[in-house]
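Just so we're clear, the structure is a prediction, and the values are computed from it rather than from any experiment. Throughout, residue positions are numbered sequentially from 1 according to the sequence presented. Excluded from the calculations below are hydrogen atoms, water molecules and symmetry mates; all remaining heavy atoms, backbone and side chain alike, are included.
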Amino acid sequence: MKKDLGAKTILFPTPVLVVATYDGQGKANAMTAAWGGICCSDPPCVTVSVRKARHTYDSLMERKAYTVNIPGKGHAWEADYLGVASGKDEDKFAAAGLTAVKSGFVDAPYIEEFPLILECKVVHIADLGAHTQFVGEIMNVKADAAMMENDRLPLIEQIMPLIFAPSSGNYYTIGEEIGKAFSAGKEKKLT
């Protein structure tokens, strides 16, 4: 039997996305966002949702560009810090010991220490209520070479991306591989 929980923001897994921008003075800033993900495959797009009160909101509206930085298992502290501190008050890159690198594809910085980066230009903005959704066309993807297969695609087992559980407020990472995608419908279920 299922229990009704009401309207809540519970979806598993929720990616931990670190959104990096330049503010009005050209200072690199980054914030952690859990509301976002891939939203289109052609053109490739990713979305992030940000509250208007956040320092990053004004930067996104002004610069129309951002990077999505995917922290690995070893950067949980940094990802959490970037989500609770404000770029209005301090240099979050310096405080977290992270390196801001200017993107060659969009007007935004990326985080050198994080293993996977999506460089995005804003193509659509939607006011949803508490959050504003920014749809970014992915102009380029950067991945640590050591975490790639045949220099083509990053391996999730190497990156070990962080995920967030809204129901508990805890961070996790991926688990074991349990099967091949796009093949179960062609095979008989094992019992």
Side-chain angles (χ1 to χ4, degrees), residues 9 13-41 43-72 74-144 147 154 159 161-164 166 171:
T9 53
T14 302
V16 174
L17 308 173
V18 177
V19 179
T21 59
Y22 288 120
D23 67 14
Q25 289 72 48
K27 183 177 96 177
N29 185 46
M31 69 162 278
T32 302
W35 303 158
I38 296 295
C39 62
C40 188
S41 53
C45 292
V46 64
T47 168
V48 295
S49 293
V50 177
R51 289 181 180 266
K52 290 179 183 164
R54 301 291 183 239
H55 185 57
T56 298
Y57 174 85
D58 291 333
S59 300
L60 288 165
M61 293 300 286
E62 182 176 327
R63 301 285 181 143
K64 302 288 192 279
Y66 60 93
T67 61
V68 174
N69 301 265
I70 308 299
H75 289 103
W77 181 89
E78 292 86 347
D80 192 61
Y81 170 78
L82 294 171
V84 297
S86 174
K88 288 180 187 175
D89 305 324
E90 63 186 298
D91 181 343
K92 294 193 321 186
F93 275 88
L98 298 171
T99 308
V101 178
K102 181 170 178 33
S103 165
F105 291 83
V106 298
D107 186 20
Y110 65 86
I111 301 172
E112 176 64 29
E113 291 80 5
F114 288 7
L116 185 64
I117 314 299
L118 308 177
E119 298 167 282
C120 307
K121 72 173 181 179
V122 174
V123 293
H124 185 72
I125 300 170
D127 186 345
L128 303 175
H131 288 78
T132 299
Q133 184 180 65
F134 295 87
V135 176
E137 182 177 348
I138 301 167
M139 305 308 293
N140 186 51
V141 175
K142 291 186 182 328
D144 283 354
M147 298 184 177
I159 292 172
L162 296 179
I163 54 178
F164 174 69
Y171 296 112

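Within the model, atoms CD1 of I70 and CG of L118 stand 5.5 Å from one another, a figure rounded to the nearest 0.5 Å. Of the inter-residue distances, the one linking K64 atom NZ with S59 atom OG reads 11.0 Å to the nearest 0.5 angstrom. Separating the CD atom in Q133 from the CG atom in D127 is a distance of 10.5 Å, to the nearest 0.5 Å. For the atom pair CE of M139 and NZ of K121, the computed distance is 4.5 Å after rounding to the nearest 0.5 Å. Taken from CD1 in I117 to OG in S103, the straight-line distance is 10.0 Å, to the nearest 0.5 Å. Between atom OG1 of residue T47 and atom CD1 of residue I125 there is a gap of 11.0 Å, rounded to the nearest 0.5 Å.
Residues satisfying the side chain to side chain donor-acceptor pair (under 3.5 Å) test with R63, not counting sequence neighbours, are D107. Judged as a salt bridge (Lys or Arg N to Asp or Glu O under 4.0 Å), and not counting sequence neighbours, K27 has no contacts.
The list of ring pair (Phe, Tyr, Trp, His ring centres under 6.0 Å) pairs with a residue in residues 104-130, not counting sequence neighbours, reads H75-F114.
With hydrogens and angles disregarded, a donor-acceptor distance shorter than 3.5 Å links the side chain of K92 to the backbone of L82. A donor-acceptor distance shorter than 3.5 angstrom exists from the side chain of Y66 to the backbone of F134, with no hydrogens or angles considered. Judged purely by atom type and a 3.5 angstrom limit, T32 uses its side chain to pair as donor or acceptor with the backbone of A79. Side-chain atoms of T67 come within 3.5 Å of backbone N or O of P109 as a donor-acceptor pair. Counting only distance, with no hydrogens or angles, the side chain of D91 and the backbone of A94 share a donor-acceptor pair below 3.5 Å. A distance-only check finds no donor-acceptor pair linking the side chain of E62 to the backbone of D23 [under 3.5 Å].
Taking the six-membered ring where tryptophan is involved, the planes of H131 and W35 are perpendicular, since the angle between them exceeds 60° and thus also 30°.
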- side-chain contact (heavy atoms from CB on, under 4.5 Å) assessment of V135 paired with V122: CA-CA 6 Å; V135 176; V122 174; over 6 Å; no
- Message: Is there a side-chain contact (heavy atoms from CB on, under 4.5 Å) between I38 and I138? Walk through the geometry before answering.
- Response: CA-CA 10 Å; I38 296 295; I138 301 167; 4.1 Å; yes
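Between K142 and E119, some side-chain heavy-atom pair lies under the 4.5 Å cut-off.
The side-chain contact (heavy atoms from CB on, under 4.5 Å) test with E112 singles out one residue from T99, D144, L98, N69, and that residue is T99.
Scanning both residues, A96 and W77, for their nearest heavy atoms gives CA-CZ3, 3.9 Å.
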